[in-house]
Amino acid sequence: MPLYEYRCRECGRRFEVLQRLGQGSEGLACPQCGAPGVEKQFSTFAAAGGDSSRASSHAGGGGCGPGGFT
């Protein structure tokens with residue numbers, strides 16, 4: 001099940017809910033103030049793993065360290 005991020009329209013608190021795919025915000029309430037008006041947010045995610053050749057080419061972490069721009 002995906003993890004969705006919501007924001008309370010009353011107090012502005014952001015919180016996450018584990019829901020079935022395609023399930024809406026019906027029946028959800030803010031965990032802080034209890035208000036029923038919440039809206040789904042678009043959030044970013046990070047992925048670990050993947051292509052090992054691509055990961056090894058970025059092993060330094062930055063572009064301006066040793067061997068970077070001169």
**OP:** Kindly write out the residues that satisfy side chain to side chain contact (heavy atoms under 4.5 Å, CB included) with A35, not counting sequence neighbours, or none if the list is empty.
**Re:** C8, E10, C33
Original post:
Taking only residues at least two apart or on different chains, which pairs with a member in residues 25-41 satisfy salt bridge (charged side-chain N to carboxylate O under 4.0 Å, His left out)?
Top reply: R7-E39, R9-E39
Can you give me every donor-acceptor pair (side chain of residues 15-23, partner residue at least two apart or in another chain, under 3.5 Å) with its distance?
| unit_1 | atom_1 | unit_2 | atom_2 | d |
| --- | --- | --- | --- | --- |
| Q19 | OE1 | Y6 | OH | 2.8 |
| Q19 | NE2 | G24 | O | 3.1 |
| Q23 | OE1 | R20 | N | 3.2 |

Original post:
In chain order, what residues pass the salt bridge (charged side-chain N to carboxylate O under 4.0 Å, His left out) check against R14, with sequence neighbours excluded?
Top reply: E5
Original post:
So, for C11 and C30, which heavy atoms are closest and what is the spacing to 0.1 Å?
Top reply: SG-SG, 3.7 Å
